There are 2 protein chains.
Amino acid sequence: MSAEFSLINQYFTRPTSNTVLGIGDDAALLQVAAGNQLAISTDMSVVGTHFFPDAAPYDIGWKSLAVNISDMAAMGANPKWATLSIALPDANEAWLAAFSTGFFDCANAFNVDLIGGDTTRGTLAINVTIMGEVPIGKAITRGNAQLGDDIWISGSLGQAALGLGHLQGNMVMEKDVLSTCLLSLHHPQPRISLGLALREIANSCIDISDGLLADLSHILKASSSTTSNKGATLALDKIPCLASVKARIQEPSIQQAILAGGDDYELCFTAAPNQRDTLSKLAEQLDLALTRIGTINESGKLSIILNDEPLNITHLGYEHFA
Amino acid sequence: MSAEFSLINQYFTRPTSNTVLGIGDDAALLQVAAGNQLAISTDMSVVGTHFFPDAAPYDIGWKSLAVNISDMAAMGANPKWATLSIALPDANEAWLAAFSTGFFDCANAFNVDLIGGDTTRGTLAINVTIMGEVPIGKAITRGNAQLGDDIWISGSLGQAALGLGHLQGNMVMEKDVLSTCLLSLHHPQPRISLGLALREIANSCIDISDGLLADLSHILKASSSTTSNKGATLALDKIPCLASVKARIQEPSIQQAILAGGDDYELCFTAAPNQRDTLSKLAEQLDLALTRIGTINESGKLSIILNDEPLNITHLGYEHFA
């Protein structure tokens, strides 16, 4: 590694709080607390595919870690450690300073230690591996949705996709709404407190990264068996979204953003109906909307209702999971 | 993810043997055995920087995992789990089939489970995060070399750099030697059995990825303190290398390959002189050359001797660590 690239490492070496041995040796060392399993997930972000070449480096730094932390939330795991690999065309110090600030703002917000990494020359690409703890047997998988479960989502949907649509020139958003949408797109908030609470409440959980229909279909597929082919009915009008977006709910592009737009990083989970009171209280406690949007059935299909009428979703580009 | 890219995932989903929950959920789950810590390391390989655009995909697959496993060897950790992220310009099935074969040949050779990953469209880049177990307090770091320690290396050095030099057209190698050099370059053998045995023998250890001088200097720097500034003297003529390479030991380009060429993935470690007999027996047992090439001193400098004469190493592009 050149001196130029050694310099880069200085941006990424910070004190750790959960770690036995951090950056600087052949490997980092960590100790998983007794009674816990380690949860691990990894995501690669590439310029041109996941972000625009001129995207703000602060946002890239925040988001590259946040989307990984979101996977911990979806498992009911407590994020603690991350590794970061970056390929960079050159050692642009201003870019690195802003990127690392965004990355560590997110790391500090969720008490995650950066414990290892790699820096190399190449087309801009970022890989984060996140690790967290979950008590043995308490992880919330995709594969345990039960017949009759309520389907819930946190927060509101569609903003990230609408923000992206605006940036791509495919959609016109009003100015005040746009800023909210761009915040959702660039600065997603992983739902860790919710995920931890759901360990004792939810039967299944996933984070909404690819879009509600695609991600819910992962739950349905993973929860199906030879004797029970899981399906779901969702009420589009029950899904929280911005008021100005709701006013345009009949527009296919708006339906697309809510149902199939990705990048929201809210949680979609299922729970038995007897958990409704508990979830109402949890929503208050977390100051986070938790909304019941449908039910798990045995149809083997995903059906959408809008104002009590079936909605044809073939135009959403959604492929059925079966 | 498009159907094309879903297909890719099929190449990378294999049964696991060490893992609670493998590929297919928001995160994988694993259980670290009682009394053990988790060791973690990550490496990114990028086309044009780490391998030629036309490199054999089998070799890229093998090497991208092998270099990570080598970091486990250097810590005395037992590799068990890996995640793999790939950015690919397109879903070339022949390329993927060969890449995954190389990757899993290495994974199976070292009993490593692939437990997670990510596939995306982009300039060819590969990131592997490796995880392994090491009994609490038994990891071999870079920072514990002792005054008077012998400096040892496994195997022989220089082949990978000479193979690369040949491919780059900077060096002419004889045909029979070339095949050995290219094997070292493309198909490195992580020294896991050695690393595990060294837990009870070595005071410090590193794998030789950046070149012997650079990597040994990491040991010296990490093992220095305000009261003891570690240095070393190495005998170049004692370092094992191919006979035809040794015959050209006076050539700067050969010295460069042995002392500063990277990519060998042998281990460089230090141990007290009373470990010599133990290490001789270990070498026999592992059928692997272990060679004493120098001594740790308090000079704060790295000095090289060739046939009892000091060698000026400034031409090797080696920057002193101090």
Side-chain angles (χ1 to χ4, degrees), chain A residues 1 3 20-21 24-32 34 37-50 70-75 77 81 83-87 115-123 125 127 129-132 134 136 139-143 205-207 210 218 222 319, chain B residues 1 3 20-21 24-32 34 37-50 70-75 77 81 83-87 115-123 125 127 129-132 134 136 139-143 205-207 210 218 222 319:
Chain A
M1 179 170 295
V20 179
L21 182 68
D25 216 301
D26 291 287
L29 295 172
L30 62 86
Q31 180 88 44
V32 178
Q37 290 170 331
L38 194 81
I40 309 107
S41 186
T42 196
D43 263 299
M44 187 180 263
S45 309
V46 177
V47 68
T49 304
H50 298 87
S70 179
D71 282 316
M72 295 290 99
M75 293 300 280
W81 307 280
T83 65
L84 167 67
S85 300
I86 313 183
I115 60 170
D118 195 13
T119 315
T120 185
R121 204 177 287 274
T123 306
N127 194 86
T129 302
I130 186 86
M131 284 158 280
V134 60
I136 295 171
I140 317 165
T141 68
R142 302 174 177 184
C205 187
I206 195 166
D207 70 328
D210 296 337
H218 292 314
E319 292 178 39
Chain B
M1 177 170 294
V20 179
L21 181 69
D25 217 302
D26 291 287
L29 295 172
L30 62 85
Q31 181 86 48
V32 178
Q37 290 169 331
L38 194 80
I40 308 107
S41 186
T42 197
D43 263 300
M44 188 180 262
S45 309
V46 177
V47 69
T49 305
H50 298 87
S70 179
D71 283 316
M72 295 290 100
M75 292 300 281
W81 306 280
T83 64
L84 168 66
S85 299
I86 313 182
I115 59 170
D118 194 13
T119 315
T120 186
R121 204 177 288 272
T123 305
N127 195 86
T129 302
I130 187 86
M131 284 158 279
V134 59
I136 296 172
I140 317 165
T141 68
R142 302 175 177 183
C205 187
I206 196 167
D207 70 326
D210 296 336
H218 292 314
E319 293 176 39

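All values reported here derive from a predicted model rather than from experimental measurement.
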| message | Does any backbone or side-chain atom of A87(B) lie under 4.5 Å from a heavy atom of chain A? Answer side chain, backbone, both or neither. | response | both
| field | Donor-acceptor pair, side chain of D118(B) and main chain of M44(A), under 3.5 angstrom | value | yes
| message | With chain A as the partner, which of I130(B), L84(B), V32(B), T129(B) has the greatest number of non-hydrogen pairs under 4.5 Å? | response | T129(B)
| task | Measure distances from I115(B) to the heavy atoms of chain A and classify the residue's part below 4.5 Å as side chain, backbone, both or neither. | result | side chain
| query | Based on non-hydrogen pairs under 4.5 Å, which of T141(B), I40(B), T83(B) is most in contact with chain A? | reply | I40(B)
| field | Heavy-atom contact with chain B under 4.5 Å, split by part of V47(A) | value | neither
| task | Look at L30(B), T123(B), T49(B) and state which one has the largest set of heavy-atom pairs under 4.5 Å with chain A. | result | L30(B)
| said: Using heavy-atom distances under 4.5 Å, tell me whether A39(A) contacts chain B through its side chain, its backbone, both, or neither. | reply: both
| query | Most heavy-atom pairs under 4.5 angstrom with chain B, which of M75(A), M72(A), M131(A), R142(A)? | reply | R142(A)
| task | Please determine, among V46(B), L29(B), D25(B), the option with the most heavy-atom pairs under 4.5 Å with chain A. | result | D25(B)
| Leading residue by heavy atom contact count with chain A [cutoff under 4.5 Å; candidates S41(B), A74(B), S85(B)] | S85(B)
